[in-house]
Amino acid sequence: MGTVTIGVSIAVPEPHGSLLQERRAGFGDAAAHGIPTHVTLLPPTEVDSSLLPAIEAHLVEVAGAGRPFPMRLSGTGTFRPLSPVVFVQVVEGAEACTWLQKQVRDASGPVARELQFPYHPHVTVAHGIDEESMDRAFEELADYEAHWPCAGFALYEQGADGVWRKLRDFAFGSAVVPPQAGHVERGSIPAG
């Protein structure tokens with residue numbers, strides 16, 4: 001059947017997603033319109049297409065064990081000089097994202113893999129562009145703020161044209177954002 005390149009991420013909802021995507025394009029990042037605005041849980045990973053049903057079943061289990069949590073973005077950060085990336089910071093929900101990505105990549109699952117860099121949840125707003133434009137992205141979005149209740153994540157596939165398209169959404173096991181942010185049920189997503 002061949003291979004496909006997949007990714008798992010939390011979509012940044014509207015109007016924030018489109019706004020950050022337009023800003024990314026405005027900084028000169030040619031890939032901006034092919035990548036929905038997101039927080040990565042599984043980076044681009046090549047898999048045999050015959051594994052997709054098993055991967056979806058695994059993601060259903062991960063989502064079923066999860067609970068909605070508050071997400072908040074605030075300010076900018078960068079991975080330079082290690083990696084040519086400027087991002088908007090995840091300041092609330094980072095712990096929950098870290099828990100989720102570990103579950104998605106768990107050694108017992110169909111997409112077990114090591115990461116090139118330690119996991120750090122973020123929303124990329126500039127990648128691989130000239131230094132001046134990277135500096136501009138870092139400065140112009142320094143006061144950026146957004147928040148929303150995260151209720152799930154999605155599986156994406158990268159097409160031959162380089163564009164990422166959603167294959168399926170995975171909603172968390174409970175539709176209610178817990179009122180007590182500090183309470184963590186055993187086996188559930190930690191409050192972020």
Side-chain angles (χ1 to χ4, degrees), residues 5-45 62 66 68-105 111 113-156 158 162-164 166 172 177 181-182 184 189-192:
T5 300
I6 62 165
V8 177
S9 63
I10 295 169
V12 175
E14 296 304 332
H16 315 294
S18 292
L19 183 140
L20 289 175
Q21 191 175 45
E22 289 303 318
R23 295 302 306 268
R24 184 172 178 172
F27 297 131
D29 190 330
H33 289 296
I35 305 171
T37 308
H38 68 282
V39 176
T40 299
L41 298 176
L42 176 73
T45 302
V62 171
F69 58 92
M71 284 281 284
R72 187 164 67 89
L73 308 178
S74 181
T76 51
T78 184
F79 294 131
R80 296 182 293 173
L82 194 58
S83 182
V85 172
V86 171
F87 56 86
V88 173
Q89 298 185 75
V90 174
V91 296
E92 186 175 4
E95 188 179 338
C97 291
T98 300
W99 183 89
L100 277 170
Q101 65 86 30
K102 283 181 185 171
Q103 304 311 305
V104 169
R105 296 185 305 103
V111 285
R113 67 166 282 186
E114 294 297 317
L115 298 178
Q116 183 178 359
F117 300 107
Y119 183 74
H120 183 274
H122 64 280
V123 177
T124 299
V125 291
H127 180 218
I129 57 177
D130 65 87
E131 289 296 320
E132 185 177 310
S133 296
M134 298 278 267
D135 291 342
R136 195 164 60 93
F138 186 86
E139 292 163 13
E140 289 184 14
L141 292 171
D143 295 329
Y144 186 80
E145 294 274 340
H147 59 88
W148 69 92
C150 179
F153 54 85
L155 173 65
Y156 292 82
Q158 186 177 39
V163 174
W164 287 90
K166 187 184 335 182
F172 292 139
V177 177
V184 179
I189 296 174

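Predicted model, so just to flag it, every value in this text is computed and none were measured.
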Note to self: Between W164 and T5, is the side chain to side chain contact (heavy atoms under 4.5 Å, CB included) condition met? List the steps.
What the structure shows: CA-CA 9 Å; W164 287 90; T5 300; 3.8 Å; yes
Next item on the list: Identify the two heavy atoms, one from M134 and one from H127, that lie closest to each other, and give their separation to 0.1 Å.
Entry: SD-N, 4.4 Å
Check: In terms of heavy-atom contacts, does CD of E131 have more than 12 from other residues, nucleotides or ligands at under 6.0 Å?
Finding: yes
Item checked: Any donor-acceptor pair under 3.5 Å from D29 side chain to A126 backbone -> no
Checklist line | Crowding at CD, E132 (>12 non-hydrogen neighbours, <6.0 Å) | finding: no
Margin query: I'd like to know if the side chain of Q158 reaches the main chain of V163, judged simply by a donor and an acceptor atom lying under 3.5 Å from each other, with no hydrogens or angles considered.
Written below: no
Checklist line | Heavy-atom side-chain proximity of P149 to M71 below 4.5 angstrom | finding: no
Checklist line | R23 vs L141 side-chain heavy atoms within contact, under 4.5 Å | finding: yes
Note to self: Taking the side chain as everything from C-beta on, heavy atoms only, tell me whether R24 gets closer than 4.5 Å to T124.
What the structure shows: yes
Margin query: Please find the pair of heavy atoms, one from R136 and one from G26, that lie closest to each other, and give the distance.
Written below: NH2-O, 3.1 Å
Item checked: side chain to side chain contact (heavy atoms under 4.5 Å, CB included) evaluation trace for V91 with E145 -> CA-CA 10 Å; V91 296; E145 294 274 340; 5.8 Å; no
Next item on the list: Could you pull out the closest heavy-atom pair between C97 and I10, with the gap in Å?
Entry: SG-CD1, 3.8 Å
Notebook entry, point to check: With a 4.5 Å heavy-atom cut-off, do Y144 and V125 have their side chains touching?
Noted result: no
Item checked: Heavy-atom check, side chain of F27 versus side chain of V86, under 4.5 Å -> no
Next item on the list: Identify the two heavy atoms, one from H33 and one from A25, that lie closest to each other, and give their separation to 0.1 Å.
Entry: NE2-CB, 3.5 Å
Check: Taking it one step at a time, do S74 and Q89 satisfy side chain to side chain donor-acceptor pair (under 3.5 Å)?
Finding: CA-CA 6 Å; S74 181; Q89 298 185 75; over 6 Å; no
Note to self: What I'd like to find out is whether the side chain of V111 reaches to under 4.5 Å of the side chain of I6, using heavy atoms alone.
What the structure shows: yes
Checklist line | Non-hydrogen side-chain atoms of Y119 and L41 separated by less than 4.5 Å | finding: yes
Check: If only atom types and distance count, is the side chain of T98 paired as donor or acceptor with the main-chain N or O of A96 below 3.5 Å?
Finding: no
Notebook entry, point to check: Passes side chain to side chain contact (heavy atoms under 4.5 Å, CB included), L42 versus R113? Steps please.
Noted result: CA-CA 9 Å; L42 176 73; R113 67 166 282 186; 3.8 Å; yes
Next item on the list: Hey, could you give me the CZ/CG distance between F153 and L100, rounded to the nearest 0.5 Å?
Entry: 6.0 Å
Checklist line | Electrostatic pair E114:R105 at N-O distance under 4.0 angstrom | finding: no
Item checked: T78 versus F138, closest heavy-atom pair with distance -> N-CE1, 4.2 Å
Item checked: Note, H120 side chain near L115 side chain (heavy atom, < 4.5 Å) -> no
Notebook entry, point to check: Does Y156 reach the main-chain N or O of P44 with its side chain, forming a donor-acceptor pair under 3.5 Å?
Noted result: no
Note to self: Main chain of V85, side chain of S83: is a donor-acceptor contact present, judged purely on distance under 3.5 Å?
What the structure shows: no
Next item on the list: Indicate the ring-plane relationship of F79 and H122, choosing parallel, tilted or perpendicular according to the 30° and 60° boundaries.
Entry: perpendicular
